[in-house]
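Taking it in order: structure first as structure tokens, then the write-up.
The sequence lines fix the lettering, A, B, ..., with proteins before strands; numbering per chain opens at 1.
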Number of protein chains: 2
Amino acid sequence: MMVSTKGRYALTVMVDIAKNSNGEYVPLADIARRENLSNKYLESIIAILIKGEMLISLRGKNGGYKLSREPKDYNISKILKLTEGTLAPVNCIIQDGVTCDKAATCSTLPLWTGLDRVIENYLGGITLEDIVIGNRKKMLGDYCDKCSAL
Amino acid sequence: MMVSTKGRYALTVMVDIAKNSNGEYVPLADIARRENLSNKYLESIIAILIKGEMLISLRGKNGGYKLSREPKDYNISKILKLTEGTLAPVNCIIQDGVTCDKAATCSTLPLWTGLDRVIENYLGGITLEDIVIGNRKKMLGDYCDKCSAL
DNA sequence: CAAAATCCTACCATTATAGCAGGATTTTGT
DNA sequence: ACAAAATCCTGCTATAATGGTAGGATTTTG
Ligand code: FES
Ligand code: FES
């Protein structure tokens, strides 16, 4: 599994806030109830999103969380990398680079590098807005005969 | 991490045998020495490859392992799925289908489905031969302006 | 000043990962 | 016949990651 519940719930939270905040702060309890997720677990995930400046928080009464920008200005790849640490398909590849002593002679490395690029290109090309409005064409694509990646 | 050492080593083994067998059976110890991997761990991984009919084994003196077909007839996606169990990027998606009670109303599901397809299309389009001969163009690709997935 | 809400620190159970050990079995070459 | 070479099988183990939980401190509003 490449994306754990942490990353998945993080994205769910972002989508929930995008849909339910009208410039207002959305309380954690509301999100947890709507998405049927653990209050406490969400709290720890949201903390990461705040440190990564994906969300803005406000304490106290009428507080909660809201987006720091427009949905169209969020890139899914960045949201997932923030929470998951990396989206690299193998340990030989870390964010922006290769870390493997066998890299110089490894014949499978180009495969992993290629896979990493395909994933990054896909997720990097989709925005939070695409998910909110349900842009199925962009997410599910239609067939591309040139590179057969979609 | 989407592909653990199990899948990575499995692929390494396949490539090693493809390169070093000339129709002969290749002994485990030789593979482990060449690839600098644990004898015993490889043994357990190779057992999976045999059950999945990726390799043929022969016991006793002059025994070892060899490919069950031509390198060009192995699809990387299948090799990795066999050893990893699944390549699905999230738990909501299992081999050939969706398993999530929220699937019907989930707005992020199309994203995961799309990602799954992109991965499957990439890995499914590359063969063991591509890796053995170092077909960098196919693995690393050149830019596709239509779907931007490579 | 109380209620509503986030923030912070620490803990914990379960599962997956990455192996290791030892002996049983099969086959070949002499 | 028999020893050497090799796979096969069963079971074990240490470490890390996952998926949470608990409890209280702090901040803000009405
Ligand atoms: S084993 Fe790490 S790059 Fe190939
Ligand atoms: S949470 Fe499983 S499909 Fe969206």
Side-chain angles (χ1 to χ4, degrees), chain A residues 1-13 17 20-21 24-33 35-52 54-66 68 80 83-92 100, chain B residues 1-13 17 20-21 24-33 35-52 54-66 68 80 83-92 100:
Chain A
M1 215 60 46
M2 175 186 184
V3 178
S4 67
T5 56
K6 194 147 82 172
R8 228 167 76 223
Y9 293 175
L11 190 53
T12 298
V13 164
I17 294 177
N20 294 291
S21 155
E24 306 284 301
Y25 287 88
V26 181
L28 169 64
D30 289 11
I31 305 174
R33 183 174 22 76
E35 307 297 339
N36 197 29
L37 296 174
S38 149
N39 213 295
K40 281 294 187 182
Y41 189 31
L42 273 198
E43 205 183 306
S44 67
I45 292 168
I46 287 179
I48 302 172
L49 291 170
I50 289 173
K51 269 184 201 114
M54 298 285 172
L55 291 177
I56 295 171
S57 70
L58 183 68
R59 288 175 157 197
K61 206 165 183 179
N62 290 336
Y65 308 98
K66 69 175 181 183
S68 61
L80 294 178
T83 42
E84 293 288 322
T86 177
L87 290 179
V90 291
N91 244 326
C92 301
C100 185
Chain B
M1 213 62 47
M2 174 186 182
V3 177
S4 69
T5 57
K6 195 147 83 170
R8 227 167 76 224
Y9 293 175
L11 191 52
T12 298
V13 164
I17 294 177
N20 295 290
S21 157
E24 306 284 301
Y25 287 89
V26 181
L28 169 63
D30 290 10
I31 305 173
R33 183 174 23 75
E35 307 298 338
N36 198 27
L37 296 173
S38 148
N39 213 295
K40 281 296 188 182
Y41 189 31
L42 273 197
E43 206 182 305
S44 67
I45 291 168
I46 288 179
I48 301 172
L49 291 170
I50 289 173
K51 268 183 202 115
M54 298 284 174
L55 290 177
I56 294 171
S57 71
L58 183 67
R59 289 174 154 197
K61 206 165 183 179
N62 292 334
Y65 308 98
K66 70 174 181 182
S68 61
L80 293 178
T83 42
E84 292 289 322
T86 177
L87 290 178
V90 292
N91 244 326
C92 300
C100 185

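Of the residues in residues 56-65 of chain B, those placing a heavy atom less than 4.0 Å from an atom of DNA chain D are B/Ser57, B/Leu58, B/Arg59, B/Gly60, B/Lys61, B/Gly63, B/Gly64, B/Tyr65, in numerical order.
Side-chain atoms of B/Lys51 and B/Ile48, non-hydrogen and from C-beta on, never get closer than 4.5 Å to each other. The side-chain heavy atoms of A/Ser57 and A/Lys66, taken from C-beta on, include no pair separated by under 4.5 Å. Looking at heavy atoms from C-beta onward, B/Glu35 lies out of side-chain contact with B/Val13 at the 4.5 angstrom threshold. Looking at A/Asn39 and A/Leu28, their side chains come closer than 4.5 Å, going by heavy atoms from C-beta outward. Counting heavy atoms from C-beta on, the side chains of B/Leu58 and B/Tyr65 never come closer than 4.5 Å.
For the pair A/Ile45 CD1 and C/dC7 P, the computed distance is 15 Å after rounding to whole Å. Here C/dT9 presents its C1' atom at 11 Å from CD of A/Glu43, a figure rounded to the nearest Å. Residue A/Asp30 contributes atom CG, which lies 13 Å from atom P of C/dA4 at whole-angstrom precision. Between the CD1 atom of A/Ile48 and the C1' atom of D/dT18 there is a distance of 12 Å, rounded to whole Å. For the pair B/Glu24 CD and D/dA5 P, the interatomic distance rounds to 18 Å; values are reported in whole Å. Distance A/Ile50 CD1 to C/dC8 P: 9 Å, rounded to the nearest Å. Rounded to whole Å, the distance from NZ on A/Lys51 to P on C/dT6 is 15 Å. Straight-line distance from the CG atom of A/Leu37 to the P atom of D/dG20: 8 Å, rounded to whole Å.
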Checking A/Met2 against A/Leu87 for the side chain to side chain contact (heavy atoms under 4.5 Å, CB included) test, could you report, in this order, the C-alpha distance in whole Å, the side-chain angles of both residues, the deciding distance, and whether it holds? CA-CA 7 Å; A/Met2 175 186 184; A/Leu87 290 179; 4.2 Å; yes
Apply the test side chain to side chain donor-acceptor pair (under 3.5 Å) to residues B/Thr5 and B/Tyr41: give CA-CA distance (whole Å), side-chain angles for both, the deciding distance (0.1 Å), then the verdict. CA-CA 10 Å; B/Thr5 57; B/Tyr41 189 31; 3.1 Å; yes
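A/Ile46 comes within 4.0 angstrom of no nucleic acid atom, judged by non-hydrogen atoms across all strands.
Atoms CG and CD1, on B/Leu11 and B/Ile45 in that order, are 11.5 Å from each other to the nearest 0.5 Å. A/Leu55 contributes atom CG, which lies 6.0 Å from atom CD1 of A/Ile50 (distance to the nearest 0.5 angstrom).
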If pairs are Watson-Crick or G-U with both distances under 3.5 Å, what is the dot-bracket string of DNA chain D, marking crossing pairs with [ ] and pairs to another strand with |? ||||||||||||||||||||||||||||||
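A/Glu84 places a side-chain N or O within 3.5 Å of a backbone atom of A/Gly7 that can act as its donor or acceptor partner.
Looking only at atom types and distance, the side chain of A/Tyr9 has no donor-acceptor partner in the side chain of A/Thr83 under 3.5 Å away.
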Filtered N/O pairs between nucleotides 15-20 of chain C and protein, under 3.5 Å:
residue: C/dA18; atom: OP2; partner: B/Ser4; partner atom: OG; Å: 3.4
residue: C/dA18; atom: OP2; partner: B/Thr5; partner atom: N; Å: 3.0
residue: C/dA18; atom: OP2; partner: B/Thr5; partner atom: OG1; Å: 2.8
residue: C/dA18; atom: O5'; partner: B/Thr5; partner atom: OG1; Å: 3.2
residue: C/dG19; atom: OP2; partner: B/Tyr9; partner atom: OH; Å: 3.4
residue: C/dC20; atom: OP2; partner: B/Ser38; partner atom: OG; Å: 2.4

